[in-house]
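Convention: sequence-line order gives letters A, B, ...; per-chain numbering from 1.
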Amino acid sequence: MNQPQDTTPAISVRSLVKTFGRGAEMITALNNVSVDIRQNEFFTLLGPSGCGKTTLLRLIAGFELPDQGEVLLHGKEIAHLPPHKRPVNTVFQNYALFPHLSVSRNIAFGLEMLGWDKAKVTATVERMLELVKLEPLANRMPDQLSGGQQQRVALARALAPEPRVLLLDEPLAALDLKLRKDMQLELKRLQDETGITFVFVTHDQEEALTMSDRIAVMSNGLIQQVGTPHDIYYAPETRFVADFIGDINIIRGEVNSTSDGSMQVTLAGDLEMTLAGTASVGQSVAVAIRPERSHFAVVGAPETLSARVTDNVFFGAGTNIHLMLNNGQGFIVRIQGQESGCKPGDTVAIAIERDAAKVLDN
Amino acid sequence: MVAPADISPTSDSQKLARARQIDARRKRNTRLYLLLPGLVIIGLFGLMPLSITLVYSFLKPGSYGGVEWVFSLDAYVQFFVERDIFDDTLSPNWAYISIFSRSIGLSFGATLGALILGFPTAYYIASKPAHQRNFWLFLITLPFWTNLLIRTYAMLIIIRDQGVINLALMNAGIIDKPISILYTDTAVFIGLIYSYLPFMVLPLYASLEKLDLRLIEAAYDLYASRFKVLTKIILPLAKPGIVAGCILVFIPGLGAYITPELLGGGKKLMIGNLIAIQFGSSRNWPFGSAAALILMAVVMLALLLYVRHGAKGARHG
Amino acid sequence: MAKRFDLRRQTGFSEIAWFCLFALYAPILMLVVFSFNDNRSVVKWTEFSLRWYYEAFDNDGIRAATAISLKLAFVSAFFGTIFATMAALATTRTKPYKGMYLAYAVINQPLMIPEIVTAIASLSLFALIKQLTGVTGIGYLMLAHTVFTIPFAYMPIRARLEDMTLTLEQAAADLYAPPTKVFWKVTFPLLIPGIVAGAMLAFVVSLDDVIITLMVAGPGETTLPIFILGAIRRGITPEINAVSTILLVASIVFVAIFFLVQKKRTK
């Protein structure tokens, strides 16, 4: 209580454990998960299917009860409450619009359940329709709407009761690529306009990077890393995060010497660099480097890795040059355009940008 | 009163445990109350009668119907053997045994007949475009939902001596006097197929509809002829449907009452009529009960075979 | 022009299919056509007439039997559908629980027992109750019909429920609807087509039942099918054709409603 209101997390999850099934078939969906989601932020839970991100969302919404742990909403414990007693709303994966109710009746549903008076309900429904730009479709039935329109109704319906937190369970997964891109911007706009905390679940890393203020990357019921899109992309902490987000080179390094918080590491037996991190001397570490943050240099130049070209793969916006390092590991350098100036069999030198190499935890 | 000691870090987990408990109890209670009326009424007026029948089958018949509360195995003995009223010797009771075996034979024959007609029909429907399929299915199922008595009666009108079939054949000069079909085993046989054909087509269709066309393509691609495709690909894959269809025709066929009653003319009895007569004119309720239980035993046996077979089919599928 | 090679075709199958369709409908059509024949014959057509329908409507026995049939079908379909709906709600969309399969078996029990067995078993029980209590009346028949309409009503309701994902109910709960409101505002309205379909089937099977009614019905409880059976035993008349046609049409109308409602479901 002595904390100022504005810094209380919108959602605070403490040591949450959730298992499904029993005995040998028991699956641990969440394995002691803790995370704070700040007020008014666009927070994304990102991970492959089965990583526990949807389970976490459903525990916040109240569709499941946790085995252990706490869920605090603006500092108030809600883990034991049924969904209808939680001031959070959900946008479901397949929208879950009530097929027997019109667009405006769908949007009004939550307000009616909360017992708002008629005039206020009508006004709010109109405001919501305006917000998602669906005024002309107020009396349509859900099956008369396109996927994108249904999506907007689902959003309006969930935003109408002015929830403290809006939960979105892969809401864009069913849309085609073009529409998905539009809706990403639209969602961002809605979040800015309403100032409501959004908790967004997706398995699409690009979507997560585009929209989020912060991202939690999950795998195997654990949160691997929480950070801004920039941190997650350029400073992955674990091998899983590095692997899951975008293309990345992960090469072996030998720790030569260490000093306070940094260490000298020989990459691929070839290039010595100073990297942040702690490890013991002689230990082998995994080092991650984004393909677009390494470049070709003059062969024989200092501070380069030498490699042999194995293949050129053009992918439209650029070309990936596949290389083999001296220690036999593969490596990819990404260049703009199609002209790489090298062909399979050539020997090349690779320079790595400052701070581009990250030592991974495991 | 909440003691201050209760407001500790564990109070949240206690709340959670309580919430879970309440949730589980609510679900359990809801289920119970929802199931109760249906289960009670079926239990009292569906299952209880069966136990009464079991009890009655071990009693002696009352003189004006009903039962006399004296234990007796007569009903079962009577079904299989006959006691000579003069010298008390026992001999097989051919009358009942023949009714029983006729029932099984007719029902089995009708099952085969329905399969021979039903399989091509189901296959043909499954090979139609989707919208036509629904229409065909509707046409095939409709008779199943219409009154069996009336359908049997309609069949009776057609196959009797003065019926259309005989009249047409006589008018065409093919025969000069009517062929008597009515009140024969043939009439009952035809009637059973007619009654239960939809039961055969529906499960067959269900399994044929799921058949992957690519498998047929693959078979043709590997030089199979049309006939080989049928015997090596389609029939084996449709086996669960075939078994289900056969069971669905055999069981009601075995217990048929209306068909032998109308088309067999009360002369060619099946077990269903035998049972009914015991509760009507013969006034031998224990014997009727015993016959009903024997019928049920055969049905259960068929169902058991089906469950075993069905499970096997699913594993192969 | 060469016919395209049809992968699915099998020689003679289409002919058999058409034959089956013909064989299923020809007798019924004959019966219906000759119910409009102005002649005692049910074979030789003379002239169109509604006289057999007038005679049927004038027949007190037929009128009484129709009234009893309808009353019976309404009552048993009404209760059968309610109980089936409740049971379907308790046995679908849930993890298997202790006793669920038993409940399932009990609900479907009337389908697994040959009707003649159910008929004589019900007769035995009811005779016993009558003997012990002296209570008589059409209530017994209503009870017997309700029992066997339950599994028929249960089938489409269960199917409909299994097609409905739990997400909609969760969405309602998420939007602050307490459990009872979730049921009446979401589950129930969405279930209505299944319930209507179930009620139609229940009504038809009750309306068409012969064997159980034959055994259980007391004096003065003659239903339409029982009346027809008795009439057939006395001899074939066009009047029976007329009554039969009416009953057929009634069944077909209800089954057609069932199919239409079901079709909506799959859309």
Notebook entry, point to check: Ion pair present between A:Lys178 and A:Asp176, side-chain N to carboxylate O less than 4.0 angstrom?
Noted result: no

Notebook entry, point to check: Which of residues 75-83 of chain A have a heavy atom under 4.5 Å from any heavy atom of chain B?
Noted result: A:Glu77, A:Ala79, A:His80

Notebook entry, point to check: How about B:Phe58: does its CZ atom have over 12 heavy atoms from other parts shown lying under 6.0 Å from it?
Noted result: yes

Note to self: If the contact rule is any heavy atom under 4.5 Å from chain B, which residues of residues 42-61 of chain A qualify, in numerical order?
What the structure shows: none

Item checked: Close side-chain approach of B:Arg226 and B:Leu230, heavy atoms under 4.5 Å -> no

Check: Between A:His100 and A:Phe98, what is the ring plane arrangement, given parallel below 30°, perpendicular above 60°, and tilted in between?
Finding: perpendicular

Margin query: How close do A:Ser34 and A:Ile223 get, counting heavy atoms only, and between which atoms?
Written below: O-CD1, 4.0 Å

Pair up each side-chain donor or acceptor in residues 194-211 of chain B with any protein partner under 3.5 Å, not counting sequence neighbours, and list the distances.
{"residue": "B:Tyr194", "atom": "OH", "partner": "C:Leu24", "partner atom": "O", "Å": "3.1"}
{"residue": "B:Ser195", "atom": "OG", "partner": "B:Gly191", "partner atom": "O", "Å": "2.7"}
{"residue": "B:Ser207", "atom": "OG", "partner": "B:Leu204", "partner atom": "O", "Å": "3.2"}

Check: Does some side-chain heavy atom of A:Ser12 sit less than 4.5 Å from a side-chain heavy atom of A:Asp36?
Finding: yes

Check: Excluding sequence neighbours, so at least two apart, what forms salt bridge (Lys or Arg N to Asp or Glu O under 4.0 Å) with B:Asp23?
Finding: B:Arg26, B:Lys27

Check: Just wondering, are more than 12 heavy atoms of other shown residues or ligands nearer than 6.0 Å to CZ in A:Arg105?
Finding: no

